[in-house]
Amino acid sequence: MVRIQDFNFGGLKAIVRVDFNVPLNEQGQITDDTRIRGALPTLKKILADGGSLILMSHMGKPKGKVNPKLSLAQIANTVAAALDRKVKFAPDCAKAADAAAALQPGEVLLLENLRFYPEEEGKPVGIEKDDPGYADAKKRMKDSQAEFAHTLASYADVYVNDAFGTAHRRHASTAVIADYFDADHKMLGYLMEKEVTAIDNVLRNAQRPFTAIIGGSKVSSKLAVIKNLLDKVDNLIIGGGMGFTFIKAQGGHIGDSLHEDDLMPEALAVLEAAKEKGVRLQLSVETVAGREFSNDTERQTVDIFNIPDGWEGMDAGEKSLAIWKEIILGSKTILWNGPVGVFEFENFAHGTGEIARYVAEATRGGAYSLVGGGDSVAAVNKFGLADQVSYVSTGGGAMLEAIEGKTLPGVAAILGE
Ligand code: AMP
């Protein structure tokens with residue numbers, strides 16, 4: 001295994017999987033270039049060594065078809081400005097052999113959206129899982145995915161994966177391609193290394209007490225995460241919409257709050273498991289309820305077990321926050337994923353803002369804090385606290401799967417299982 005900082009790219013062509021899936025407005029202009037900036041340390045290192053760059057990424061969900069609205073040509077100028085050099089564009093990522101061969105040291109070639117080819121994701125096209133012939137179609141697709149990955153690999157001497165956001169996918173460019181490079185010619189980029197190290201720090205080397213704060217809308221999307229965390233943490237705070245399933249399962253009256261009836265047995269099992277494992281599982285005790293799901297709706301603070309009919313819990317109440325604050329400030333390691341209220345509504349954002357402040361305060365006091373998952377990242381940004389936590393993860397789905405305890409295919413393809 002090689003590490004990027006120890007590798008000299010001089011005179012070599014590097015094909016780098018980046019995550020340039022940036023948001024665009026109607027005019028095709030980039031509205032947030034965070035992902036492009038995130039890849040710069042890796043790209044600049046390769047160029048500074050005297051290597052040449054072949055950049056590949058997906059954008060959006062073109063589902064295996066060419067879609068000009070999702071063309072990476074739209075971002076070539078921004079990439080050029082960020083790297084401060086010209087960027088050539090290959091309008092067909094699977095037919096870029098000549099352009100790649102012509103690259104000189106220090107030159108950059110950006111390939112068109114990988115997902116214009118169904119082989120990138122490797123899902124059979126035009127056939128559903130239950131259809132007869134699906135198994136054959138899947139096998140054929142696997143072969144053509146390998147061929148597609150081989151074509152991409154043939155452009156370069158070295159493969160670098162710096163796209164953490166897609167590391168949980170076994171796609172041609174994120175994992176399969178690695179089969180065509182020997183162990184000394186494939187590596188994680190700087191961003192990937194940072195992400196993997198941050199998650200490892202928390203899951204394997206956590207200083208105690210270790211507290212996880214899990215919020216968001218649904219238990220179903222984070223059940224596996226919660227179960228895996230029960231074996232790791234000292235304290236587990238469950239807030240936000242998903243908390244109400246736990247309250248209802250214990251006989252609470254939750255009014256019209258969000259919940260998933262079918263997951264109540266699982267919720268009870270989690271409460272039981274927490275007790276057995278000696279984990280302090282702290283649900284909300286008080287909620288700010290609204291009459292309807294809107295910012296300007298009438299509000300009242302109520303006991304979480306007694307929410308009146310016609311009202312729904314939409315933010316954490318002060319009593320919940322006081323208990324959570326004490327837990328968070330007493331922690332040495334903190335993992336936060338998911339808001340504890342409908343933070344998109346100004347009138348229900350207080351609880352999530354407070355959590356962000358407690359995590360920042362604990363970090364100032366020496367705790368290690370990792371914040372990840374789309375909405376919690378949006379929350380720390382909204383409250384201007386992103387630079388006051390130890391690490392903000394860029395990959396929502398990938399981070400969640402890593403916390404579930406899964407080895408990410410994009411990481412395994414390079415480091416081994
Ligand atoms: P997730 O994608 O599962 O992390 O959930 C994030 C979403 O959960 C955000 O859009 C929040 O508005 C929403 N959310 C958090 N708390 C509540 C709540 N009490 N009721 C409804 N939605 C909530």
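Just follow the structure's listing: the first ligand is 1, and inside any ligand the first atom is 1. Everything quoted here is computed from the prediction, not taken from an experiment.
- Under 4.0 Å from any atom of ligand 1, one finds heavy atoms of residues G216, S217, K222, G240, G241, F244, L258, F293, G313, M314, P339, G341, V342, E344, D375.
- Between Y391 and Y368, the gap from one ring centroid to the other reaches at least 6.0 Å.
- In this view, R357 and E354 satisfy the salt bridge (charged side-chain N to carboxylate O under 4.0 Å, His left out) rule, not counting sequence neighbours.
- For D136 and R140, the salt-bridge test fails: no basic side-chain N is under 4.0 Å from an acidic carboxylate O.
- Between T166 and H58 the shortest heavy-atom distance is CG2-CE1, 3.4 Å.
- Side-chain contact check for Y117 and D92: at least one donor-acceptor pair (N or O, by modelled atom type) lies under 3.5 Å.
- Side-chain N/O atoms of R17 and S173 include a donor and acceptor closer than 3.5 Å.
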